[in-house]
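Report on the following structure.
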Amino acid sequence: MTRPAVPFLDLRAATAEVRSAVDAGYRRVLDSGRFLLGPETEAFEAEFAAYCGAAHCVTVGSGGAALELALRALHIGPGDEVVVPSHTFIATWLAVSATGAVPVPAEPGDPALAVADPGRIDAAVTPRTRAIVPVHLNGHPADIDAVTDVAERHGLAVVEDAAQAHGARYRGRRIGSGPHAAAVSFYPGKNLGALGDGGAVVTSDGELADRLRALRNYGARAKYEHAVRGTNSRLDEFQAAVLRAKLPLLDDWNARRSAVARRYLMELADVPGLGLPRVAPWARPVWHLFPVRHARRDALRVLLAERGVETQVHYPVPVHLSGAYAGAGWPAGSLPLAEGLAAELLSLPIGPHLSGGQVSAVVDAVRAATAAAPSPPPEPGRAP
Ligand SMILES: *Cc1c(COP(=O)(O)O)cnc(C)c1O
């Protein structure tokens with residue numbers, strides 16, 4: 001297969017930009033003879049905590065593990081309910097399920113914003129609810145102050161899913177610097193990605209950080225002192241070295257993503273039938289994804305591919321309709337906003353290494369493809 005003129009994401013270009021720093025990091029690790037919980041991990045944790053404006057960063061094996069262990073460190077478990085967004089990557093729900101608790105979905109307030117609505121989160125709270133997991137989806141911060149209000153009113157914990165939001169700002173504050181623990185992923189395609197799996201929890205709660213350090217290492221606070229039933233979820237020294245090489249570039253990479261997003265927002269604003277993402281007044285997003293909505297999404301995707309533009313669907317099956325949650329009490333039709341988004345969203349290429357010419361090619365292709373795949377006419381009797 002030939003490579004599309006505009007690939008969805010070009011990870012090789014990112015690697016090329018940091019190649020010499022990564023090579024040097026790998027050599028440091030090989031020479032140190034330390035491969036887990038060594039000096040690179042310790043240094044990266046300090047550097048990423050400082051970057052986020054948090055007191056602590058505890059690295060773990062993946063973003064999903066970061067969410068699960070943060071919930072477990074907050075003593076969430078069997079018999080508890082945790083409010084999650086209906087529209088998110090399945091890992092958010094699975095992390096809750098892995099603790100033994102039950103994920104309870106809340107729908108987004110606005111399909112163009114696609115982050116959970118505080119009013120709907122509030123309505124999902126029951127006497128069993130113990131926590132809320134807001135997701136900063138697509139790199140766009142959820143309304144943290146409003147979520148915090150709901151949590152305080154009901155006495156709930158909050159764990160932010162920041163897997164897509166490294167460096168994003170909420171009311172000027174960096175995600176991770178707030179009052180809650182935030183879980184991030186270093187999956188290779190994330191805004192800050194390792195060359196394998198990785199994740200972290202950032203928090204300014206020292207006791208929570210201590211519990212997480214034990215949980216990720218078989219529950220040990222000191223060697224062979226296992227006070228709690230922990231697990232093995234550790235970042236390795238090679239990945240820590242890669243992340244140290246990339247972290248200094250993150251702000252620049254995010255700025256380059258934002259420049260692409262600004263062009264899409266301006267140059268696609270008048271395309272009929274195309275729904276563009278909205279930026280909330282409180283948010284400085286980092287554009288992990290740039291999802292647009294279209295009633296004939298699948299046709300549009302094919303037409304774009306024919307024009308050399310690779311797109312992705314995030315996510316084609318809403319979590320509640322996946323096999324993993326069959327029989328969990330959320331049948332088809334029960335979460336219409338999430339179902340509508342799953343049917344209509346299409347993610348355009350975005351990333352720090354998209355050239356100006358490639359952005360122009362995407363804009364031209366979207367204009368041509370939407371003209372060829374027009375939206376269905378409005379149903380009679382409905383306002384257009
Ligand atoms: C990627 C992602 C995760 C999981 O991260 P992994 O490192 O792949 O385990 C969780 N939540 C969201 C929203 C994600 O995008």
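In this chain, numbering begins with 1 at the start of the sequence shown. Read the numbers this way: they start at 1 and go in the same order the structure lists the ligands and their atoms.
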Answer yes or no: is there an ion pair linking R153 with D122, defined by an N-O contact shorter than 4.0 Å? yes
Does this structure show an ion pair linking R301 with E344, if we count only N-O contacts that are shorter than 4.0 Å? no
Under 3.5 Å: N or O atoms of ligand 1 paired with protein N or O:
from: ligand 1; atom 1: 5 (O); to: S185; atom 2: OG; distance (Å): 3.2
from: ligand 1; atom 1: 7 (O); to: G63; atom 2: N; distance (Å): 2.7
from: ligand 1; atom 1: 7 (O); to: S185; atom 2: OG; distance (Å): 2.6
from: ligand 1; atom 1: 9 (O); to: G63; atom 2: N; distance (Å): 3.3
from: ligand 1; atom 1: 9 (O); to: G64; atom 2: N; distance (Å): 2.8
from: ligand 1; atom 1: 11 (N); to: D161; atom 2: OD1; distance (Å): 3.3
from: ligand 1; atom 1: 11 (N); to: D161; atom 2: OD2; distance (Å): 2.8
from: ligand 1; atom 1: 15 (O); to: Q164; atom 2: NE2; distance (Å): 2.8
from: ligand 1; atom 1: 15 (O); to: K190; atom 2: NZ; distance (Å): 3.1

Could you tell me which residues satisfy ring-ring contact (aromatic ring centres under 6.0 Å, His included) with H56, sequence neighbours excluded, listed by chain and number? none
Could you note down all residue pairs passing side chain to side chain donor-acceptor pair (under 3.5 Å) where residues 32-43 supplies at least one of them, sequence neighbours left out? R28-E40, E40-R244, T41-E237
With sequence neighbours left out, the residues meeting salt bridge (Lys or Arg N to Asp or Glu O under 4.0 Å) with R234 are none
Under a 3.5 Å distance rule, please check whether T203 uses its side chain to pair with a backbone N or O of D205 as donor and acceptor. yes
